[in-house]
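Computed from heavy atoms alone, side chains included, the values below leave out hydrogens, waters and symmetry copies. Just follow the structure's listing: the first ligand is 1, and inside any ligand the first atom is 1.
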Amino acid sequence: MTSQETIFSKIIRREIPADIVYEDDLALAFRDINPQAPVHILVIPKQPIAKLADAESEDHKLMGHLLLTVKRVAEEAGLSNGYRVVINNGNDGGQTVDHLHLHILGGRFMKWPPG
Ligand code: AMP
(Lines give C-alpha, C1' and ligand atoms only; values in the text may rest on other atoms or scores of the structure.)
Protein backbone atom coordinates (compact mmCIF):
# COMPACT_ATOMS: atom_id res chain seq x y z
CA MET A 1 0.00 0.00 0.00
CA THR A 2 1.31 3.45 -0.80
CA SER A 3 0.92 6.22 1.70
CA GLN A 4 -1.52 9.07 1.44
CA GLU A 5 -0.32 12.63 1.48
CA THR A 6 1.78 13.23 4.60
CA ILE A 7 3.98 15.94 6.01
CA PHE A 8 6.96 14.02 4.62
CA SER A 9 5.57 14.26 1.06
CA LYS A 10 5.50 18.03 1.55
CA ILE A 11 9.12 17.97 2.76
CA ILE A 12 10.15 15.98 -0.33
CA ARG A 13 8.45 18.58 -2.56
CA ARG A 14 9.99 21.45 -0.52
CA GLU A 15 6.52 22.74 0.35
CA ILE A 16 7.47 22.93 4.02
CA PRO A 17 10.96 23.54 5.35
CA ALA A 18 13.21 20.87 6.81
CA ASP A 19 16.87 20.65 7.74
CA ILE A 20 17.85 18.34 4.87
CA VAL A 21 21.23 16.66 5.29
CA TYR A 22 21.25 14.26 2.31
CA GLU A 23 19.33 13.67 -0.89
CA ASP A 24 19.58 11.42 -3.93
CA ASP A 25 17.14 10.07 -6.51
CA LEU A 26 15.62 7.54 -4.11
CA ALA A 27 16.00 8.92 -0.60
CA LEU A 28 15.95 12.03 1.55
CA ALA A 29 17.41 12.56 5.03
CA PHE A 30 16.51 15.44 7.34
CA ARG A 31 16.77 16.30 11.03
CA ASP A 32 13.85 15.29 13.24
CA ILE A 33 11.88 18.32 14.41
CA ASN A 34 11.60 16.85 17.93
CA PRO A 35 15.01 15.25 18.53
CA GLN A 36 15.27 12.43 21.05
CA ALA A 37 19.07 12.40 21.02
CA PRO A 38 21.84 14.92 20.20
CA VAL A 39 21.70 13.58 16.63
CA HIS A 40 18.26 12.51 15.36
CA ILE A 41 17.89 12.20 11.60
CA LEU A 42 15.13 10.59 9.55
CA VAL A 43 15.86 8.74 6.30
CA ILE A 44 12.86 8.32 4.02
CA PRO A 45 12.23 6.90 0.56
CA LYS A 46 10.90 9.38 -1.99
CA GLN A 47 8.53 6.61 -3.05
CA PRO A 48 5.53 6.90 -0.72
CA ILE A 49 5.54 3.55 1.10
CA ALA A 50 3.33 4.01 4.17
CA LYS A 51 5.14 1.60 6.48
CA LEU A 52 7.68 -1.21 6.49
CA ALA A 53 4.90 -3.82 6.45
CA ASP A 54 3.74 -2.39 3.10
CA ALA A 55 7.09 -2.87 1.36
CA GLU A 56 6.97 -5.45 -1.44
CA SER A 57 9.61 -7.85 -2.71
CA GLU A 58 10.16 -5.59 -5.74
CA ASP A 59 11.21 -2.84 -3.29
CA HIS A 60 14.25 -4.85 -2.15
CA LYS A 61 16.80 -2.60 -3.86
CA LEU A 62 15.17 0.50 -2.38
CA MET A 63 15.13 -1.05 1.08
CA GLY A 64 18.82 -1.89 0.82
CA HIS A 65 19.50 1.61 -0.43
CA LEU A 66 17.77 3.09 2.62
CA LEU A 67 20.02 1.09 4.98
CA LEU A 68 23.14 2.12 3.09
CA THR A 69 21.88 5.72 3.19
CA VAL A 70 21.58 5.40 6.98
CA LYS A 71 25.21 4.26 7.10
CA ARG A 72 26.35 7.15 4.91
CA VAL A 73 24.36 9.81 6.75
CA ALA A 74 25.51 8.51 10.16
CA GLU A 75 29.13 8.67 9.04
CA GLU A 76 28.64 12.19 7.73
CA ALA A 77 27.01 13.16 11.05
CA GLY A 78 30.15 12.00 12.86
CA LEU A 79 28.55 9.09 14.71
CA SER A 80 31.79 7.09 14.83
CA ASN A 81 31.02 5.75 18.31
CA GLY A 82 27.82 4.04 17.18
CA TYR A 83 24.17 4.86 16.80
CA ARG A 84 20.73 3.27 16.80
CA VAL A 85 18.45 2.75 13.79
CA VAL A 86 14.70 2.50 14.51
CA ILE A 87 11.70 1.81 12.29
CA ASN A 88 8.38 2.26 14.05
CA ASN A 89 5.79 0.18 12.19
CA GLY A 90 2.06 0.68 12.66
CA ASN A 91 0.08 1.45 15.79
CA ASP A 92 1.83 -0.84 18.26
CA GLY A 93 5.16 0.26 16.83
CA GLY A 94 4.31 3.85 17.72
CA GLN A 95 4.35 5.08 14.13
CA THR A 96 2.84 8.57 13.83
CA VAL A 97 3.66 9.56 10.23
CA ASP A 98 2.40 7.19 7.53
CA HIS A 99 5.43 7.43 5.28
CA LEU A 100 8.20 4.88 5.92
CA HIS A 101 11.11 6.43 7.82
CA LEU A 102 14.26 5.17 9.49
CA HIS A 103 15.31 7.03 12.63
CA ILE A 104 19.04 7.51 13.19
CA LEU A 105 19.66 8.27 16.87
CA GLY A 106 23.13 9.03 18.17
CA GLY A 107 25.43 11.24 20.18
CA ARG A 108 24.56 9.54 23.46
CA PHE A 109 24.38 5.97 24.80
CA MET A 110 21.11 4.25 23.87
CA LYS A 111 19.47 2.15 26.56
CA TRP A 112 17.85 -1.20 25.85
CA PRO A 113 15.04 -2.14 25.72
CA PRO A 114 13.30 0.93 24.27
CA GLY A 115 9.99 1.90 25.87
P1 AMP B 1 7.31 7.98 14.12
O2 AMP B 1 6.75 8.19 15.50
O3 AMP B 1 8.25 6.83 14.02
O4 AMP B 1 6.22 7.94 13.07
O5 AMP B 1 8.22 9.24 13.84
C6 AMP B 1 7.78 10.39 13.21
C7 AMP B 1 8.85 11.41 13.47
O8 AMP B 1 8.65 12.49 12.57
C9 AMP B 1 8.82 11.99 14.89
O10 AMP B 1 10.07 11.73 15.50
C11 AMP B 1 8.57 13.47 14.66
O12 AMP B 1 9.26 14.29 15.56
C13 AMP B 1 9.06 13.65 13.24
N14 AMP B 1 8.48 14.77 12.52
C15 AMP B 1 7.16 15.09 12.39
N16 AMP B 1 6.99 16.18 11.64
C17 AMP B 1 8.24 16.56 11.25
C18 AMP B 1 8.75 17.64 10.46
N19 AMP B 1 7.94 18.54 9.90
N20 AMP B 1 10.09 17.73 10.29
C21 AMP B 1 10.91 16.83 10.85
N22 AMP B 1 10.50 15.79 11.61
C23 AMP B 1 9.18 15.66 11.81
Side-chain angles (χ1 to χ4, degrees):
M1 197 179 86
T2 55
S3 70
Q4 302 302 311
E5 179 69 14
T6 67
I7 198 144
F8 291 175
S9 321
K10 292 189 170 72
I11 288 174
I12 292 168
R13 296 196 303 265
R14 306 297 204 276
E15 289 171 11
I16 62 167
D19 187 355
I20 293 170
V21 298
Y22 176 79
E23 180 171 24
D24 62 28
D25 289 348
L26 299 175
L28 188 72
F30 52 92
R31 293 190 189 278
D32 197 293
I33 204 167
N34 183 23
Q36 302 301 310
V39 176
H40 188 174
I41 295 170
L42 303 175
V43 174
I44 68 171
K46 289 186 172 174
Q47 182 182 323
I49 298 170
K51 59 182 186 298
L52 180 62
D54 294 327
E56 307 278 1
S57 53
E58 63 256 33
D59 298 322
H60 74 277
K61 280 191 180 166
L62 173 61
M63 304 311 273
H65 181 73
L66 292 174
L67 278 181
L68 291 171
T69 300
V70 164
K71 172 192 157 176
R72 176 182 184 145
V73 167
E75 281 173 2
E76 288 174 359
L79 298 177
S80 56
N81 204 39
Y83 53 89
R84 182 163 292 168
V85 183
V86 173
I87 300 175
N88 295 325
N89 182 83
N91 285 338
D92 279 2
Q95 184 174 0
T96 59
V97 178
D98 290 334
H99 184 125
L100 174 63
H101 48 284
L102 293 78
H103 296 256
I104 303 172
L105 295 148
R108 65 168 170 84
F109 181 78
M110 297 292 150
K111 293 180 198 160
W112 190 262

Ordered by chain then number, the protein residues lying under 4.0 Å from ligand 1 by heavy atom are Ile7, Phe8, Ile11, Phe30, Arg31, Asp32, Ile33, Asn34, Leu42, Asn88, Gly94, Gln95, Thr96, Val97, His101, His103
For Ala27 and Asp24 the tightest heavy-atom approach is N-OD1, 2.7 Å
Can you name the residues that form a salt bridge (Lys or Arg N to Asp or Glu O under 4.0 Å) with Glu75, not counting sequence neighbours?
none
In short, salt bridge (Lys or Arg N to Asp or Glu O under 4.0 Å) pairs touching residues 76-97 with sequence neighbours left out are Arg72-Glu76
Please tell me whether Phe8 and Phe30 form a close aromatic pair, meaning their ring centres lie under 6.0 Å apart.
yes
Test of understanding: with side-chain contact (heavy atoms from CB on, under 4.5 Å), list the residues that count as partners of Leu52, not counting sequence neighbours.
Met63, Ile87, Asn89, Leu100
Can Asn88 and His101 be counted as having a side-chain donor-acceptor contact under 3.5 angstrom?
no
